[in-house]
Amino acid sequence: MALGDLMTSRFSQLSLAVSNHVIDGNVSSGGYHEDDVAYADLMSQRRDLDAVSTSSYANAVTSTATVPTTMAYLPQTVVLCELRHAAFEASTPTGPSDSGLVSKWRPKDRMKTGCVALVLCLNISVDPPDVIKISPCARMECWTDPFSMAPQKALETIGKNLRDQYERWQPKACSKVELDPTVDEVKKLCNTCRRYAKSERVLFHYNGHGVPKPTANGEIWLFNKSYTQYIPLPISDLDSWLKTPSIYVFDCSAAGMVVNAFIELLDCGTSNYPGSSRDCVLLAACEAHETLPQSSEFPADVFTSCLTTPIKMALRWFCTRSLLHESLDSSLIDKIPGRQNDRKTLLGELNWIFTAVTDTIAWNVLPHDLFRRLFRQDLLVASLFRNFLLAERIMRSANCSPISYPMLPPTHQHHMWDAWDMAAEICLSQLPSLVEDPNAEFQPSSFFTEQLIAFEVWLDHGSEHKKPPEQLPIVLQVLLSQCHRFRALVLLGRFLDMGPWAVDLALSVGIFPYVLKLLQTTTPELRQILVFIWTKILALDKSCQVDLVKDGGHVYFIRFLNSAEAYPEQRAMAAFVLAVIVDGHRRGQEACIEAGLIQVCLKQLHGFTQNEAQTEPLLLQWLCLCLGKLWEDFTEAQTIGLQADVPGICAPLLSEPQPEVRASAVYALATLLDVGFDSFRDGIGGDEECDDVEKNRAEMIIIKSLLNVVSDGSPLVRAEVAVALAHFAFGHKQHLKSIAAAYWKPQPNSLLNSLPSLANLKGTGSGNIVSSQIGPLTAMVRDGRVSTSSPLATAGIMHGSPLSDDSSQLSDSGILNDGVSNGEVNHSRPKPLDNAMYSQCVLAMFTLARDPSPRVASLGRLVLSIIGIEQVTKSVKPAGNSAWPSDPANSSSTPSISGLARSSSWLDINGGHMPLTFRTPPVSPPRQNYLAGIRRVCSLDFRPHLMNSPDSGLADPLLGSTSGSERSLLPQSTIYNFSCGHFSKSLLTASDDSEELLAKREEQERFALEHIAKCQHSSVSKLNNNSQIASWDTKFETGTRTALLQPFSPIVIAADENERIRVWNYEEATLLNGFDNHDFPEKGISKLCLLNELDDSLLLVASSDGNIRIWKDYTLRGKQKHVTAFSSIQGHKPGVRSLNAVVDWQQQSGYLYASGEISSIMLWDLDKEQLVNSIPSSSDCSVSALASSQVHAGQFAAGFVDGSVRLYDIRTPDMLVRTTRPHTQQVARVVGIGFQPGLDQGKIVSASQAGDIQFLDIRSQRDTDLTIDAHRGSLTALAVHRHAPIIASGSAKQLIKVFSLKGEQLGTIRYQHTFMAQKIGSVSCLTFHPYQVLLAAGAADACVSIYADDNSHTR
């Protein structure tokens, strides 16, 4: 069970950790609610960090730093480094290929030799005139002495023996012999053979030992009828009779003459048959100038003997050269017991080893395409070429060089011949005893065991960049033997796991038919490894699906998937194999449905939803993908799925912790949605009415489920939802268009009557979408001015009432039936779902069109285009020095849609975030009040546009008729192709760079611990203007909004109001990179955070609207890449114009805390990319500052606009630990908040706009421990050092003050006037270096300065 164990152990490391929340165990005894806090494991690492956990940092840290402290300061959590984060935005993943490079291994046209023509010109007892024979001379022909009987009888015996020797290699071929023939007889023979063989290959064997050598023109000699003359036969005639495909064997002296003439014939193109050059193979006994060996140690037809009786020939030749030649009588070789095809006998074993050795030599010496052509296309050709390698070895020892066309490189000195000699010697040493005692037991050779050991050694040390393992063909041969099979499969599995290149090599060597045949075995121990091997093959090449279904292989995998004893990871592989089998393959889909695959998958999913136990996420993911592929575009399977209540079974998976599982569940549900289209339109009938009700109900459930994940934290999931909504919109676009039209149909008083959908929105589970997205969408234009009041804030809408008659008539008037006005009449129309559902769909589409992930946003815009709303202009970023204008149109309530459309002119006045056009004919004349950025186009003609046409930014190809070509333009799901990538990479070994990453992390941890100790134990000296070590003009027009210092390199990152980010090296004073956070800046950036700072850090950029974007490679110019993006704030109060999001990141727990103008604090788990909690803020005011503890996971503090401070701990049942109002002198908003350095729980520093800084200890009864009046009424920024006892505050009066934790002022920094003497703005941001006493300060004058205290700054 070597591989099974290896896989198990490896998978246990690979599987995603479900809980990634590290809770620190070092809680001081005076803590609060200790009984309420459930302590989790200190570490639940995502990676194999053994080296980190075992290495000791005792020498690097002072004695006070204990192990728990170390873990508290150095979080082990690592987030957002999965496969899905590598390139979601950058590229579209491709699944297993079914063409191109990968299918080259497959022999294009398998062939067989159908007919064998044997021509023997021996003329026994008459020597040809050009041969002078020595004495004693080689006499044996086909192991018969021609002089031991009458010449005619000898000739017939030799002919019969030769036919028998060939039939051993190709029993089914028709063999015809001509003995000492004339030209006419040979012509008749050739024509007969070609006619019989049809398009199969014909073998022509010529023995010319009784005639002269071939001529220089390449003519071979035959006889006249009376045997008085030799008659020449030109090779061109022979070629014209035999045609192609053919193989020639010439056993005569100077046979190379014939080969040369043949090659000349092909080169000149004068061949009588146009295709003869395509597939002709020649084997010749010697070169043009050579004579056949005459030594009596060889038979006269040594070449033929090597080709047709290789074992006998090889052993006889070996005996004369081995130490055995004295003790072993060569006549015993003819008595070797056993049969050639029985590997358990001596003869069978020798034949098996010989095949393995010659195959291996050919594989290692020949180019792979030539190897496939000669050794894998035709069984007889392969056997002859294997034996030809032996002929070359033996005949070269007699100074004779056999040649072939195509030509082969020399192989006679290949070291594998040594392995053959050794195996032959071991077998021959047993021969006398086996011949004496037929019952004696034969001891198998150790050849295959040793070769497997050699292969294993290669696996331990080899790689893609080294020479491939030469034992690969031997591994293939070993699969034939039951005793070695399991080990060979395990090693083969390890090899395939090394990468697609290894799979391609194994397929090229010919593994495919072997592993296909093995699926017919029932041996239980082979099941796991066979599933693994097939996983690897299908991850590379999808075309094997046809072979699997043809051979019934799918049943093997369904049975394995259904077996309870298999590990979940291995069942996931079986599900993957089945998904590939049914992917776009109707025969595969039908076969799998017949074999009950749907029931097997649903049984497992149902078992999971009923059972609370944790199931392997990979299995859930692939069960969903397999089901989705099974019923994709296959109505019969979809019907079975709906009858089995798939929507009910899959819906719980949408809240699974792994984004891949959620996305796969969306895909499985979305492929069921297609039911809504085709079958609805098929016709009208009584039964179908009932079906339609059922289908409608199923569609409702599916759409409801999907709407719940429109705001999922993972773009992978949201992209799948967008694709699903596109398919849904395509089937229901008339209804969706009417709803969209009703939204923006102008009413004289308000939007109330034109929103038929909002009545039922509460309580659908998607309230967050409603409240967050409708508000911004409905800024009204009245008399050319933007009204800032949102009509949706009115009570009637949010709490709703049944639809008014007015709006119902509106829905039923021209809009719902605009199919007719477009010139198409749909008689059989699907019954519409209820309007509330359509409304939620439209809102969800808008949410997706404004998604922070560019790929999801483009999908969202495509969905809108399907229902007639399209983007008409592209936004242009402000250039040069111009800032974004602050007029009401741009600063209105629309964070995402800002262009205005004036109904009077039908023109776009302004291009904002996502200007849209509404492409449904208006039902009434246009009026003034329109939704900002949306316009309706008065057009009855819906011509399909080109996708992504440059002038429109987005096209509308899906309106009008519902033809197949238009359906093909619908966006395609990518989760399946993306998920296949998991199986292409190595599953058994850690990636090569993991050691490098561990070493880098160790070094960074050591650095961090040394500097933490210094920070904690050194007294901070003064920080003032003289402490400045660097100053950087960021050239931000609007000043610096926020800044961040990198922990392990001299880099500062700054951002401005327009969401531009710049990265600067302050030691070298060079700009490293500058980029825009996104294309539509609105309210600036509220926070920059570093994720995974001890590893390859990622930059989290939080915009003021609550959108989070995470970047990697952000310090490399132009190379920055999106890792993920999501909207962190949902469900904000209607009518709120600006969200003023505040966020903070906690590495210990992997949580992101976000709040703003909302009544709760959102808790996002970035490992799961999921909103895991929405904590009520317990205040009517909004949160203005947020800080998470960097040592106590799950603990964070929030400051509110009314000056109150609350401490939360998500580990406690109530979550809210304490509320306090420290800022009592003057009620002012909390500007900054932070945890005091050290491991004490609940010690907080809070600063209010009024200028006072309060030091709080939540455990004491007093509201404040210490108060500092730092600035009078103008405090703008606060920074608390993570480890050193120091804080800094900045004011609107260009002043920064630095204090110790005891309240002692350590210094003042006054901003200097710049050389331009321009007015300097207030201090906008302060940030400390995490492990050094370095302070970065940014201000409204776009200058970022860095200050160091004298102790820490050694330069």
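- Residues Cys626 and Cys601 approach most closely at SG-SG, 4.3 Å, considering heavy atoms.
- Checked against side chain to side chain donor-acceptor pair (under 3.5 Å), Glu470 has the following partners two or more places apart in sequence or in another chain: His415.
- Atoms CZ and CZ, on Phe455 and Arg494 in that order, are 8.5 Å from each other to the nearest 0.5 Å.
- Across all non-hydrogen atoms, the minimal contact from His585 to Ile581 is ND1-O, 3.2 Å.
- A distance-only check finds no donor-acceptor pair linking the side chain of Trp501 to the backbone of His465 [under 3.5 Å].
- By the side-chain contact (heavy atoms from CB on, under 4.5 Å) test, Asn341 is found to be paired with Arg339, residues two or more places apart in sequence or in another chain being considered.
- Between Leu459 and Phe495, the closest side-chain pair of non-hydrogen atoms falls below 4.5 Å.
- Shown here are the side chain to side chain donor-acceptor pair (under 3.5 Å) partners of Glu425, two or more places apart in sequence or in another chain: there are none.
- Here the straight-line distance linking atom CZ of Phe634 with atom CD1 of Ile640 works out to 7.5 Å at 0.5 Å rounding.
- The shortest side-chain heavy-atom distance between Phe486 and Thr523 does not fall under the 4.5 Å cut-off.
- With sequence neighbours left out, the side-chain contact (heavy atoms from CB on, under 4.5 Å) criterion links Pro171 to no other residue.
- Within the 3.5 Å criterion, the main-chain N or O of Leu479 finds a donor-acceptor partner in the side chain of Arg485.
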Atom pairs and distances, side-chain donor-acceptor, residues 556-564, under 3.5 Å, sequence neighbours left out:
unit_1, atom_1, unit_2, atom_2, d
Asn562, OD1, Lys603, NZ, 2.9
Ser563, OG, Phe560, O, 2.7

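- Residues meeting the side chain to side chain donor-acceptor pair (under 3.5 Å) test with Arg527, sequence neighbours left out: Glu565.
- Looking at heavy atoms from C-beta onward, Leu597 lies in side-chain contact with Leu578 at the 4.5 angstrom threshold.
- Between the side chain of Gln430 and the main chain of Gln443, a donor-acceptor pair closer than 3.5 Å is present.
- A distance of 5.5 Å separates CD in Gln471 from CD in Gln451, rounded to the nearest 0.5 Å.
- With sequence neighbours left out, the ring-ring contact (aromatic ring centres under 6.0 Å, His included) criterion links Phe576 to Trp622, Phe983.
- Closest of all the heavy-atom pairs between Ala488 and Val478 is CB-CG1, 3.7 Å.
- At a threshold of 4.5 Å between non-hydrogen side-chain atoms, the residues Leu505 and His368 count as touching.
- More than 12 heavy atoms of other residues, nucleotides or ligands lie within 6.0 Å of CG in Leu526, so this atom counts as buried by the packing criterion.
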| task | Apply the test side chain to side chain contact (heavy atoms under 4.5 Å, CB included) to residues Tyr976 and Val580: give CA-CA distance (whole Å), side-chain angles for both, the deciding distance (0.1 Å), then the verdict. | result | CA-CA 10 Å; Tyr976 168 76; Val580 178; 3.4 Å; yes

| Criterion side chain to side chain contact (heavy atoms under 4.5 Å, CB included) on Arg571 and Gln604, from CA distance to verdict | CA-CA 10 Å; Arg571 296 215 303 277; Gln604 304 214 15; 3.1 Å; yes

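- Counting heavy atoms of neighbouring residues, nucleotides and ligands inside a 6.0 Å radius, atom CD of Gln482 does not exceed 12 of them.
- Here the CG-CD1 distance, from Leu492 to Ile533, works out to 4.5 Å after rounding to the nearest 0.5 Å.
- Scored by the side chain to side chain donor-acceptor pair (under 3.5 Å) test, Trp420 finds no partners at all (sequence neighbours excluded).
- A donor-acceptor contact shorter than 3.5 Å links the side chain of Asp541 to the backbone of Ser543.
- Across all their heavy atoms, Ser986 and Asp497 have their closest contact at OG-OD2, 2.8 Å.
- The shortest heavy-atom contact between Val531 and Val577 is O-CG2, 4.4 Å.
- The shortest side-chain heavy-atom distance between Leu389 and Trp417 falls under the 4.5 Å cut-off.
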| query | Should Asp547 and Asp551 be marked as a side chain to side chain contact (heavy atoms under 4.5 Å, CB included) after you check the CA-CA gap, both sets of side-chain angles, and the distance that decides it? | reply | CA-CA 6 Å; Asp547 308 79; Asp551 281 34; 5.5 Å; no

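- The minimum heavy-atom distance between Leu538 and Cys544, with the atom names listed, is CD2-CB, 3.7 Å.
- The closest donor-acceptor contact from the side chain of Asn387 to the backbone of Ser383 lies under 3.5 Å.
- Checked for salt-bridge contact, Arg662 and Glu720 miss the test: no charged N lies under 4.0 Å from a carboxylate O.
- Listed for the Thr411 side chain is no donor-acceptor partner under 3.5 Å among the backbone atoms of His414.
- Residues satisfying the side-chain contact (heavy atoms from CB on, under 4.5 Å) criterion with Ile649, sequence neighbours excluded, are Leu602, Leu605, His606.
- Here the side chains of Trp631 and Glu636 are not in contact, with every heavy-atom distance at 4.5 Å or above.
- Interatomic distance, Gln972 CD to Asn977 CG, rounded to the nearest 0.5 Å: 10.0 Å.
- Between the side chain of Lys112 and the main chain of Gln170, no donor-acceptor pair closer than 3.5 Å is present.
- Checking Arg586 against Gln589 by side-chain atom types alone, a donor-acceptor pair falls below 3.5 Å.
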Could you go through residues 509-521 and list every donor-acceptor pair under 3.5 Å that involves a side-chain atom there, pairing it with any protein atom two or more places apart or in another chain?
unit_1, atom_1, unit_2, atom_2, d
Thr521, OG1, Leu518, O, 2.7

| Hey, mind stepping through Leu627 and Tyr667 against side chain to side chain contact (heavy atoms under 4.5 Å, CB included) and telling me if it holds? | CA-CA 9 Å; Leu627 285 171; Tyr667 173 72; over 6 Å; no

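- Around CE of Met498, the count of heavy atoms belonging to other residues, nucleotides or ligands within 6.0 Å exceeds 12.
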What pairs of donor and acceptor atoms, side-chain ones from residues 351-362 against any protein atom, are under 3.5 angstrom apart with sequence neighbours left out?
unit_1, atom_1, unit_2, atom_2, d
Asn351, ND2, Gln340, O, 3.4
Trp352, NE1, Gln477, O, 3.3
Thr355, OG1, Asn351, O, 2.8
Thr358, OG1, Phe354, O, 2.8
Thr358, OG1, Thr355, O, 3.2
Asp359, OD1, Arg386, NH1, 3.3
Asp359, OD2, Arg376, NH1, 3.4
Asp359, OD2, Arg376, NH2, 2.9
Thr360, OG1, Ala356, O, 2.6

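- No donor-acceptor pair under 3.5 Å is formed between the side chain of Glu656 and the backbone N or O of Pro617.
- Applying the side-chain contact (heavy atoms from CB on, under 4.5 Å) criterion to Pro568, with sequence neighbours excluded, gives Glu616, Leu619.
- Of the inter-residue distances, the one linking Lys629 atom NZ with Asp583 atom CG reads 4.0 Å to the nearest 0.5 angstrom.
- Side-chain contact between Ile474 and Phe447 is present, with heavy atoms from C-beta onward closer than 4.5 Å.
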